[in-house]
Number of protein chains: 2
Amino acid sequence: MAMFEFEHLFRGAFSVNIGLITYHEGKLQLLIQEKEDYPSQNETGLPGKIILPNEETEDALKKLMLELIGTTNFYRKQLNAFTKVNRHPLGRVVCFTFYGLISFEKVKQMSSKLSWHELNNVPNLCYDHNDIVKLIRNSFRKGLVRHPRVFEILPEEFVLPDILTIYQQAFLTKLDASNFSKQIIKSELVKPINKTRKAFGRPAKLYTLNKSAIKKKSKEKVSFNFY
Amino acid sequence: MAMFEFEHLFRGAFSVNIGLITYHEGKLQLLIQEKEDYPSQNETGLPGKIILPNEETEDALKKLMLELIGTTNFYRKQLNAFTKVNRHPLGRVVCFTFYGLISFEKVKQMSSKLSWHELNNVPNLCYDHNDIVKLIRNSFRKGLVRHPRVFEILPEEFVLPDILTIYQQAFLTKLDASNFSKQIIKSELVKPINKTRKAFGRPAKLYTLNKSAIKKKSKEKVSFNFY
DNA sequence: ACAAAAGTGTTGAATTTACACCCATGT
DNA sequence: ACATGGGTGTAAATTCAACACTTTTGT
């Protein structure tokens with residue numbers, strides 16, 4: 001069997017890791033897991049697990065997330081693989097990374113190993129996980145700029161100033177609140193419901209996502225003008 | 001040694017594949033390789049090779065490209081890994097894909113196995129390589145819209161209508177030539193040299209890249225307005 | 001002279017940006 | 001009443017988009 005002569009090439013293992021972002025209590029938050037298995041006991045890192053040799057990546061990820069937060073119902077996207085030979089002490093473990101977005105209300109349970117950390121203040125993580133977090137923040141930003149991705153981390157009913165807050169935290173910048181709100185409304189992606197959210201000052205109007213508007217893809221404007 | 005108990009997990013192999021794009025004779029072109037090794041003799045696909053268990057991905061890619069085109073001096077970016085369990089007949093071979101951009105004049109040699117094919121008319125390729133090509137076209141488009149990436153596939157001295165042609169082919173659309181040229185000039189990324197390129201009608205002015213302007217990163221305009 | 005391709009000019013529309021100002025609430 | 005955060009209005013500046021027109025070449 002021809003298989004035999006190639007056997008020496010089949011010496012690698014795989015893992016999935018995910019950076020899951022949500023928005024809760026006015027902050028962007030990242031899900032962090034306390035590791036308990038060898039060789040990284042007592043360290044913290046992105047949620048992840050080893051993929052079995054005959055297991056699809058997507059299945060491994062779903063299994064992991066069911067265990068950890070009780071649902072697989074959230075937006076996700078595969079990012080780069082991390083392939084450095086010596087990134088893992090046990091041998092060559094290639095890491096497939098995902099970034100995910102979930103609204104806080106969709107989180108069904110929290111495994112005791114888990115905690116949320118401010119995305120803008122992530123602690124030191126094991127292996128190269130801080131590099132992965134950088135990648136994730138970048139993808140998150142791209143998602144915000146290019147797609148109506150904010151709604152993935154907002155509850156069903158939300159308020160325009162929260163969208164502003166999310167963008168400001170994601171880009172570490174200040175934006176003109178009044179112009180930003182007008183832009184959101186003009187996009188027709190949201191529709192007002194007849195409720196408000198109480199707060200210290202004037203209460204903010206609640207909106208929901210206008211699902212019909214989100215369908216039609218954005219116009220893909222082609223120009224020599226970089227964003 | 002703890003290694004032993006994890007041994008059953010180390011059963012995967014890796015490959016690199018690259019979609020290398022250039023611009024030549026008025027067309028966007030993709031580099032295609034005729035395969036000669038088992039199990040895909042006589043098929044064509046993206047240039048690629050198996051990565052040895054202790055070989056860095058980047059090293060494998062460089063080795064491959066030196067062999068094929070005699071240089072590793074070109075822009076490249078890692079894309080998604082292809083991880084499906086059954087994508088390769090010999091076992092689980094995970095494929096790390098890259099897309100690359102090279103100006104035609106930088107290609108030092110052409111291995112006899114290689115040929116250029118119009119990017120908009122790629123033939124049937126082996127395995128899932130046609131899927132990879134789709135991914136590559138997408139990344140190429142994103143690169144064009146968001147970064148001054150065109151210059152990677154243009155010669156030292158180029159002409160504005162060629163940039164127009166590239167964008168039009170990449171996006172399968174027509175653009176207003178006069179407005180597009182004005183946009184390029186306003187970007188200050190190019191500076192005219194005192195030469196022209198002869199052609200049928202009025203000769204076009206030659207330009208070079210203004211390397212000082214390319215340094216300062218684009219302003220990262222944050223808005224609720226998707227491109 | 002004429003066709004073809006390159007490049008310039010002009011104009012109205014649309015979008016952006018910066019603020020001034022008004023509104024609805026809790027204390 | 002007033003501080004606070006939410007929201008509307010407006011006007012100048014900039015960018016976009018369509019297209020008429022001029023320029024420079026080869027035939």
Side-chain angles (χ1 to χ4, degrees), chain A residues 23 25-27 144-146 148 150 154-155 157-169 171 173-208 218-227, chain B residues 23 25-27 144-146 150 154 157-169 171 173-208 218-227:
Chain A
Y23 177 71
E25 292 178 342
K27 302 272 189 202
L144 289 182
V145 172
R146 305 184 50 130
V150 225
L154 288 169
E157 305 184 344
F158 52 85
V159 123
L160 302 192
D162 273 347
I163 300 182
L164 176 74
T165 304
I166 290 169
Y167 275 71
Q168 291 189 148
Q169 284 182 26
F171 295 95
T173 188
K174 268 206 144 281
L175 298 170
D176 184 294
S178 89
N179 289 331
F180 195 76
S181 293
K182 273 179 280 187
Q183 231 177 358
I184 297 170
I185 289 165
K186 207 183 52 188
S187 77
E188 297 189 315
L189 290 172
V190 302
K191 51 171 187 269
I193 56 182
N194 225 357
K195 296 200 246 171
T196 59
R197 189 191 62 178
K198 300 218 181 296
F200 191 64
R202 172 175 173 175
K205 283 186 201 163
L206 280 162
Y207 289 78
T208 58
S218 62
K219 58 250 160 156
E220 183 70 82
K221 179 169 56 168
V222 180
S223 70
F224 199 85
N225 204 342
F226 312 114
Y227 299 98
Chain B
Y23 177 69
E25 293 179 341
K27 303 273 187 201
L144 289 182
V145 172
R146 305 187 47 134
V150 226
L154 287 169
E157 306 184 343
F158 52 84
V159 122
L160 301 191
D162 273 348
I163 300 182
L164 176 74
T165 304
I166 290 168
Y167 275 71
Q168 291 188 149
Q169 283 181 28
F171 294 96
T173 186
K174 269 204 143 282
L175 298 170
D176 184 294
S178 90
N179 288 331
F180 195 75
S181 293
K182 274 179 282 187
Q183 231 177 358
I184 297 170
I185 289 164
K186 207 182 52 187
S187 79
E188 297 188 316
L189 291 171
V190 301
K191 51 171 186 268
I193 55 182
N194 224 358
K195 296 199 248 172
T196 58
R197 190 190 62 179
K198 301 217 180 298
F200 193 64
R202 171 176 175 176
K205 283 186 200 161
L206 279 162
Y207 289 78
T208 58
S218 61
K219 58 251 161 158
E220 182 71 79
K221 181 170 55 169
V222 180
S223 69
F224 200 83
N225 203 343
F226 311 114
Y227 298 98

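Keep in mind that the numbers below use all heavy atoms, side chains included, and drop hydrogens, waters and symmetry copies. By convention in this document, chain letters (A, B, ...) are assigned in the order of the sequence lines, proteins followed by strands, and residues within each chain are numbered from 1.
- In this structure Tyr207(B) satisfies the ring pair (Phe, Tyr, Trp, His ring centres under 6.0 Å) test with no other residue, sequence neighbours excluded.
- Distance, Lys174(B) NZ to dA17(D) C1': 15 Å, rounded to whole Å.
- Going from atom CD of Gln168(A) over to atom P of dG6(D) covers 11 Å, rounded to whole Å.
- The side chain to side chain contact (heavy atoms under 4.5 Å, CB included) test applied to Gln168(B) returns Leu164(B), Lys174(B), Leu175(B), not counting sequence neighbours.
- In this entry the distance linking CD of Gln183(B) with C1' of dA18(D) reads 14 Å, nearest Å.
- Taking atom CD1 on Ile184(A) and atom C1' on dT15(C), their separation rounds to 16 Å, with Å as the unit.
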Worked check of side-chain contact (heavy atoms from CB on, under 4.5 Å) between Phe158(B) and Val190(B)
CA-CA 10 Å; Phe158(B) 52 84; Val190(B) 301; 3.7 Å; yes
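- Residue pairs meeting the ring-ring contact (aromatic ring centres under 6.0 Å, His included) criterion with at least one member in residues 183-204 of chain B, sequence neighbours excluded, do not occur.
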Tabulate protein N/O versus nucleotide N/O from nucleotides 4-6 of chain C, keeping only pairs under 3.5 Å, one per line.
from: dA5(C); atom 1: N3; to: Arg202(B); atom 2: N; distance (Å): 3.4
from: dA6(C); atom 1: N3; to: Arg202(B); atom 2: NH1; distance (Å): 3.1

Would you be so kind as to tabulate the donor-acceptor pairs closer than 3.5 Å made by side chains of residues 192-199 of chain A, with sequence neighbours excluded?
from: Lys195(A); atom 1: NZ; to: Glu157(A); atom 2: OE1; distance (Å): 2.9
from: Lys195(A); atom 1: NZ; to: Glu157(A); atom 2: OE2; distance (Å): 3.2
from: Arg197(A); atom 1: NH1; to: Asp162(A); atom 2: OD2; distance (Å): 3.1

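- Here the side chains of Ile185(B) and Lys182(B) are not in contact, with every heavy-atom distance at 4.5 Å or above.
- Looking at Ser187(A), its side chain does come within 3.5 Å of a backbone N or O of Ile184(A) through a donor-acceptor pair.
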With the criterion being N/O to N/O and under 3.5 Å, what pairs connect the protein with nucleotides 9-13 of chain D, and how long is each?
from: dG9(D); atom 1: O6; to: Lys182(A); atom 2: NZ; distance (Å): 2.6
from: dT10(D); atom 1: O4; to: Lys182(A); atom 2: NZ; distance (Å): 3.4

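- As rounded to whole Å, 15 Å separates atom P of dA18(C) from atom CZ of Phe180(A).
- For the pair Asn179(B)/Gln183(B), no side-chain contact is recorded, criterion being any heavy-atom separation below 4.5 Å from C-beta on.
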Derivation and outcome, side-chain contact (heavy atoms from CB on, under 4.5 Å), residues Ile163(A) and Leu160(A):
CA-CA 5 Å; Ile163(A) 300 182; Leu160(A) 302 192; 4.3 Å; yes
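- As rounded to whole Å, 17 Å separates atom C1' of dG7(D) from atom CG of Leu175(A).
- For Lys186(B) and dG9(C), the NZ to P distance is 15 Å, given to the nearest whole Å.
- The nearest whole Å value for the distance from the CG atom in Asp162(A) to the P atom in dG5(D) is 14 Å.
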